[in-house]
Structures are given as structure tokens and as C-alpha cells.
Q: 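I have a structure I would like to understand better, so I am pasting it below and will then ask my questions one at a time.
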Protein chains: 2
Amino acid sequence: MSLPHAILTSLAERPGSGSELARRFDRSIGHFWQATHQQIYRELARLEASAWVEATAVEGAPGRKRRYRILPAGRQELERWTGAALAPPAIRDELMVRLRAAGEVDPGDLTHELDRLLNHHRAQLATYEAVRERDFPHPPASRTGLLQLLVLDEGIAFERQRIAFCEAALALLRNP
Amino acid sequence: MSLPHAILTSLAERPGSGSELARRFDRSIGHFWQATHQQIYRELARLEASAWVEATAVEGAPGRKRRYRILPAGRQELERWTGAALAPPAIRDELMVRLRAAGEVDPGDLTHELDRLLNHHRAQLATYEAVRERDFPHPPASRTGLLQLLVLDEGIAFERQRIAFCEAALALLRNP
DNA sequence: ATGAACATGTAAATAGTTACATGATTCA
DNA sequence: TGAATCATGTAACTATTTACATGTTCAT
């Protein structure tokens, strides 16, 4: 389970409130580890109970906004986890199951859904490419930047692969 | 949640007992939707309660083995699901979170773990390629076969991408 | 002062994981 | 006959999702 460490990483990059983290997740690390705001708030409470982060109330903000910062113990935990045993990914790919099912029964409206999925992946690819142009116009000099770019490029490669796959599946389903 | 439909698909391809399904998952559809034997038994009980599958006791087998078969209502449900709305994948990729973390703290033994992961993906790729040579020496003629091959080739593409990614990450972490 | 937007949180349901238990057959 | 193996299952726990609730500030 990577959520607590994804949050610690995000807070190590920059302190922030729960809602800010939720938005940051939507744009950044959440592309690789999704989380709802409920998950994030619950996890922040746990991280605070473990004394890995601390929170201070933010005056003059709507709601009862709290700003979280990572503590030295939290950074130490993040470092421990970074080098800890790494399991192979637990793959759960609904699309592949669907296509195997489509080999056994009539696929019905699956081509329509594949079209929608194709649009989603094209949009995601465009988003990643825009982020790349904006944040990495030149090769980064720091190790941090190089790692961020490596991960971003993997996102780009993933979306391209998905697009090609959806196109191939559509071609196959449309030519019986 | 695709598990019930992954099981229905597997039973549509061929009837079998819970333990046989668990083994079949390990070799086939489970590469895209993992499940433990406990999950499979629980789900089979649900599918039986929904009258989508039926079970008959197998005489002269160890334990109290039961053979499951898909029923017409189950095939109909599988068909409905195949064309139903398809959500974009919920990505949870621990490796990417690790590498982002490695940009913020000392990566410690991460290179060692990356090496182990690299071996895993190379082995997985070899497995897929062996399956491909064994089961698809010639282009399949049936739609079912074409879809199975499409999915298998996506698995191969995924493993290749992972291997390239692990190698790039290792190169980056080793050259500071 | 009131409604809109924001920030945080509670509660319940579902899904997945881990550890352990039980019954039946096979084989030394 | 008893240990090993196989097949099925129970129980407890953790993680994730979905729906809803509450309090605060800001702009009208």
C-alpha cells in the first residue's frame, strides 16, 4: 500500500492542506496512485498520529483548513520505505478481461466503449505532453528532476501503448 | 469489479472446479486480473447463488471437489457486461511512487529492488513469449483466437516497456 | 444575512488480503 | 494407519468507494 508514502512524498516536495493535496494528486502523483479526498484526509490523520507529519491551523481560510508539513521522522520513514522490498505490480486490467469475454460472447456495444476509452487516453496523452513541455523544456539538471521526467515519460509511453491497443481492438472487432 | 466476469469468461471457455480455476487464473486471465483462491471460491458461491453457474460434485476426487459450469443466464450476464460502460483504468503503480520518493530522499537499496523487479519482468516476458509460440504458431482464424492473441501481445508489450523502464531507472540511479 | 463555494470529516458498503481450519483421498 | 496433499472454506483485517454531513468564509 503506497498511499501514505505517496502523501509523504508530496508533502516532502511541498507542504499543503488536505484539499491542496487532493488537487495536487489529480495533476501529478495521482496519475500513478489515485486517491479520493476521503482517503487522503484519513491517511493524513494517521500520518499525524504516527508523528510523521504535523498540522497547523490556517487562519482566514474557508472551512477549518490545516497545513501539513512532513517531520524528520516522516522523512526517515519515507527513506526506509524507498529501499524496502518491492513487489511486482498487482495488475487489474478490466479492458483485457472485457476483450477475453468478447471472444466468448457477442461484444454488443463494446466498440462504442472502446471509442470513448480511446478519447480518454488521447486526452491523457495530450495532458502529459503539455506538462512535459511546460515543466521540462530543457533536460533537468537535478536528480529529482530527472526522476520526475523519467516517471512522466513512462506515463506518456503507457498512454501511447493504450491508444495503439484500443485502435487494434477496434479494428479487430469491426472487421469480423 | 471484474472478478465475477473474469470467472464467467473462464468458465465459458471451459468448465472446471474452484482449484482448477485458480490454477488457470495463474496461467491465463489472471495475468490481467489477479485473484487468490479465497476470492475465487467466494465469488463462485455468489455466482451460484445468482444462478449464473451451477455446480455438481465430482466423485472419486480428493476433498469435496465440485465442477462448475456456466448457465445460459450467466452467459447472458457476461454479454450484458461486455457491452456495458467501461471506466478508464484505476492506476496504482507503486514503482512510480517509489521513484518520485527517490527524488526526495536517499534511495537506499532501491537499485537492488529494481534489479529484482527487472528479473521478474524478464521472466514474465519469456513466459508470455513461450505461450505465444506454443498456442499461436500461426495467425489464428477465429475471432476468439484473434482476441486472445491481441491481449497476449499487449501483455508482451507491457513487459517490454517495464523492462526498458527499470533499465532506465537503474542507469539514472547509478550515475549520480 | 444568506447562499455559494470550500475544507474537512463520518458512515456504510464493497473488495481484496492474510491466516488459519476442515474434510477427503492417496500413498508409504 | 498416519503423514502428505488436495479442495474447499471461515474469519478477521485492511483498503477502497460512495453517499452524505458539518462548519467556515466570501460575495452579494
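Remember, predicted model here, so these are calculated numbers, not experimental data. Just so it is clear: chains get the letters A, B, ... in the order the sequence lines come, proteins before strands, and each one is counted from 1.
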Q: Specify the separation, in whole Å, of atom CZ of B:Arg67 and atom P of D:dA7.
A: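 That distance rounds to 14 Å.
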Q: Cluster question for you: counting only ILVMFWY and a side-chain heavy-atom cut-off of under 4.5 Å, with indirect links fine, are B:Trp81 and B:Ile40 together?
A: yes
Q: Round to the nearest Å and state the distance from A:Gln38 atom CD to D:dT16 atom C1'.
A: 10 Å
Q: Checking the side chain of A:Arg98 only, and the main-chain atoms of B:Ala84 only, is there a donor and an acceptor separated by less than 3.5 Å?
A: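 Here the side-chain-to-backbone pair exists.
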Q: Taking 5' to 3' order, which nucleotide of DNA chain C is first and which is last to have an atom within less than 4.0 Å of a heavy atom in chain B?
A: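 Range of nucleotides within reach of chain B: C:dA15 to C:dT25.
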Q: Hey, is A:Glu113 close enough to A:Arg116 for a salt bridge, meaning N to O under 4.0 Å?
A: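 A salt bridge is present here (some side-chain N lies under 4.0 Å from a carboxylate O).
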Q: What nucleic acid atoms does A:Ala61 come within less than 4.0 Å of, heavy atoms only: base, sugar-phosphate, or nothing?
A: sugar-phosphate
Q: Separation of B:Tyr41 atom OH from D:dA11 atom P, in whole Å?
A: 17 Å
Q: A:Leu147, A:Phe25: one ILVMFWY side-chain cluster at the under-4.5 Å cut-off?
A: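 In one cluster with A:Leu147: A:Phe25, no.
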Q: Taking A:Glu43 first and then A:Arg46, would you say they form a salt bridge - that is, a charged N and a carboxylate O separated by under 4.0 Å?
A: yes
Q: Examine D:dT16: is either OP1 or OP2 under 4.0 Å from a nitrogen or oxygen in the side chain of A:Thr36? Give yes or no.
A: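 For D:dT16, neither OP1 nor OP2 has a side-chain N or O of A:Thr36 closer than 4.0 Å.
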Q: Can B:Leu78 be reached from B:Leu86 by stepping across I, L, V, M, F, W or Y side chains whose heavy atoms are under 4.5 Å apart?
A: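 Shared cluster, no.
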Q: Would you kindly give the CZ-to-C1' distance between A:Arg66 and D:dT24, to the nearest whole Å?
A: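 Taking atom C1' of D:dT24 as the reference, CZ of A:Arg66 is at 15 Å.
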Q: Please state how far atom NE2 in B:His37 lies from atom C1' in D:dT5, giving the value in whole angstrom units.
A: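 B:His37 atom NE2 is separated from D:dT5 atom C1' by 14 Å.
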Q: Distance check needed: D:dT17 P versus A:Glu94 CD, whole Å only.
A: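 In whole Å, D:dT17 P and A:Glu94 CD are 13 Å from each other.
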Q: May I ask you to say whether A:Asp93 pairs ionically with A:Arg100, meaning some side-chain N is under 4.0 Å from a carboxylate O?
A: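 A salt bridge is absent here (no side-chain N lies under 4.0 Å from a carboxylate O).
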Q: Just the table, please: protein N/O against nucleotides 12-15 of chain D N/O, every pair under 3.5 Å.
A:
none

Q: What closest approach, in Å, do B:Phe158 and A:Ile91 show between heavy atoms, and which atom pair accounts for it?
A: CE2-CD1, 3.7 Å
Q: In whole angstrom, what separates A:Lys65's NZ from D:dT22's C1'?
A: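 For the pair A:Lys65 NZ and D:dT22 C1', the rounded distance is 18 Å.
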Q: Classify the angle between the aromatic ring planes of A:His31 and A:Tyr128 as parallel (below 30°), tilted (30 to 60°) or perpendicular (above 60°).
A: perpendicular
Q: On DNA chain D, does the nearest nucleotide to B:Glu20 precede the nearest nucleotide to A:Glu59 from the 5' side, or the other way round? Give the residue.
A: B:Glu20
